[in-house]
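The structure appears right after this line, and notes come after that.
Heavy-atom basis, side chains included; hydrogens, waters and symmetry copies ignored.
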Amino acid sequence: MINLDYIIMKKFFSLIILLFFASFFYGCLIFHKMSYTINIDKDTTGTATVIVSDIRSDASAGSNLDADKKNLFDYIEKSPEFISQMKEEGKNITHRELFLRGDTLMGKTDFSFQSIFSVEKIKYEDGFYYLTLTLDDSVLTTNGQTIYSKDHKRILWDKSFKVLKFEMLGYPFKKDEYTRLSAFFNSKK
């Protein structure tokens, strides 16, 4: 029997920027890590804050880099279409911003949700929240318990948790690898 959770999550974190941030990329926006803080109001509703660290482009110049900059700075940061797209995915964005931490470009998004499943396919069953990942996905930190099986791993929280936290590694790039988008960020827009 095929494990549907495993199939859904197999490529999840290698494609998370695509699923979370936009639907069309010419180059590719990448990030170093992503952290989630999820506040549970009732069993499956609540709010979440997502922080993306060190946003870069895999394009070095030309139209692909320009497309990545436009996608990030015009579509993700400013457009109402991005808000609509996220709403269709069950994420009602209440705040979004790009900011610098030193020379590193960061992103932060706050949103509410009516179904915990909208938050990266987290499930709630039998008094437990869980997120299914591939064995290759790197969990840097969590306040839950990580459980490993032959085919996948899961972060597990029991229903007593009202705040679910986890941080995932996106790309473990070196300091000067890929194009830093912080050089193109104007915080006074």
Side-chain angles (χ1 to χ4, degrees), residues 1-23 29-55 76 82-99 101 104-173:
M1 180 171 212
I2 297 174
N3 183 334
L4 185 57
D5 286 338
Y6 180 71
I7 291 170
I8 291 171
M9 299 307 295
K10 183 163 173 95
K11 301 263 181 195
F12 175 74
F13 281 101
S14 64
L15 299 175
I16 196 165
I17 201 75
L18 176 64
L19 296 173
F20 186 76
F21 279 118
S23 58
L29 294 172
I30 55 176
F31 59 91
H32 181 61
K33 59 186 174 178
M34 180 178 273
S35 64
Y36 283 78
T37 302
I38 303 161
N39 296 290
I40 305 296
D41 292 334
K42 296 187 178 170
D43 287 344
T44 62
T45 65
T47 61
T49 298
V50 181
I51 298 176
V52 179
S53 301
D54 203 355
I55 304 167
I76 295 170
F82 177 71
I83 300 287
S84 296
Q85 179 187 347
M86 292 299 102
K87 191 170 190 167
E88 287 176 15
E89 295 180 18
K91 299 174 182 92
N92 297 306
I93 294 179
T94 57
H95 177 78
R96 61 183 164 167
E97 70 176 308
L98 295 173
F99 61 96
R101 185 174 287 158
T104 301
L105 184 60
M106 310 286 287
K108 179 181 178 186
T109 303
D110 298 318
F111 61 90
S112 63
F113 56 89
Q114 293 302 308
S115 169
I116 189 79
F117 191 73
S118 300
V119 186
E120 311 318 339
K121 312 280 189 255
I122 293 175
K123 291 190 176 182
Y124 179 72
E125 292 178 6
D126 300 324
F128 289 93
Y129 301 95
Y130 64 92
L131 173 63
T132 304
L133 306 165
T134 69
L135 293 172
D136 293 335
D137 290 324
S138 296
V139 178
L140 300 173
T141 62
T142 183
N143 66 340
Q145 181 178 3
T146 305
I147 299 171
Y148 296 84
S149 75
K150 177 179 85 161
D151 299 323
H152 60 271
K153 60 183 158 189
R154 283 194 171 138
I155 302 174
L156 184 70
W157 301 267
D158 70 45
K159 70 177 180 178
S160 69
F161 280 81
K162 296 303 176 196
V163 179
L164 314 180
K165 294 183 178 185
F166 62 97
E167 184 175 52
M168 303 291 298
L169 180 66
Y171 286 88
F173 39 72

- Message: Gln114: which residues meet the side-chain hydrogen bond (donor to acceptor under 3.5 Å, both in side chains) condition with it, sequence neighbours left out?
- Response: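 Scan of Gln114 (side-chain hydrogen bond (donor to acceptor under 3.5 Å, both in side chains), adjacent residues dropped) gives none.
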[X] versus [Y]: any side-chain heavy-atom pair under 4.5 Å?
X      : Y      : result
Ile76  : Leu29  : yes
Asp54  : Met106 : no
Phe113 : Lys91  : no
Leu133 : Met168 : yes
Leu135 : Tyr148 : yes
Met86  : Phe111 : no
Ile116 : Ile40  : yes

- Task: Check step by step if side-chain hydrogen bond (donor to acceptor under 3.5 Å, both in side chains) holds for Ser160 and Asp158.
- Result: CA-CA 5 Å; Ser160 69; Asp158 70 45; 2.3 Å; yes
At what distance, to the nearest 0.5 angstrom, does [atom1] of [X] lie from [atom2] of [Y]?
X      : Y      : atom1 : atom2 : answer
Tyr129 : Asp43  : OH    : CG    : 5.0 Å
Glu88  : Ser118 : CD    : OG    : 12.0 Å
Ile51  : Asp110 : CD1   : CG    : 8.5 Å
Glu167 : Asn143 : CD    : CG    : 12.0 Å
Phe166 : Ile38  : CZ    : CD1   : 5.0 Å
Ile83  : Ile93  : CD1   : CD1   : 4.0 Å

- Query: Who passes side chain to side chain contact (heavy atoms under 4.5 Å, CB included) against Asp41, sequence neighbours left out?
  - Reply: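 Here the qualifying residues are Thr45.
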- Can you sort out the partners of Glu125 under side chain to side chain contact (heavy atoms under 4.5 Å, CB included), two or more places apart, ordered by chain and number?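 Checked Glu125 against side chain to side chain contact (heavy atoms under 4.5 Å, CB included); matches are Lys123, Tyr130.
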- Task: Report yes or no: does Lys108 contribute a side-chain atom to a donor-acceptor pair with the main-chain N or O of Thr49 at less than 3.5 Å?
- Result: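 Flag not set: sc Lys108 to bb Thr49 has no pair under 3.5 Å.
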- Message: Is it the case that the side chain of Thr142 and the backbone of Lys165 share a donor-acceptor pair, with hydrogens and angles ignored and the cut-off at 3.5 Å?
- Response: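 Checked: pair present.
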- Task: Would you check, one step at a time, whether the test side-chain contact (heavy atoms from CB on, under 4.5 Å) holds for Leu169 with His32?
- Result: CA-CA 6 Å; Leu169 180 66; His32 181 61; 3.8 Å; yes
- Task: Assign the ring pair Tyr171 / Phe31 to parallel, tilted or perpendicular, where the plane angle (0 to 90°) is split at 30° and 60°.
- Result: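 Because their plane-to-plane angle is over 60°, the rings of Tyr171 and Phe31 count as perpendicular.
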- Query: side-chain hydrogen bond (donor to acceptor under 3.5 Å, both in side chains) between Thr132 and Arg154: does it pass, once the steps are laid out?
  - Reply: CA-CA 4 Å; Thr132 304; Arg154 283 194 171 138; 2.7 Å; yes
- Query: Would one find more than 12 heavy atoms of other residues, nucleotides or ligands at under 6.0 Å from atom NZ of Lys159?
  - Reply: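 Counting neighbours around NZ of Lys159, 12 or fewer heavy atoms of other residues, nucleotides or ligands fall under 6.0 Å, so no.
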- Message: For a quick check under 3.5 Å, do Ser149 and Asp151 share a side-chain donor-acceptor pair by atom type?
- Response: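 Side-chain D/A pair, Ser149 to Asp151: absent.
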- Nearest non-hydrogen partners of Leu131 and Glu120, listed with the distance: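 In this case the closest contact between Leu131 and Glu120 is CD1-O, 3.2 Å.
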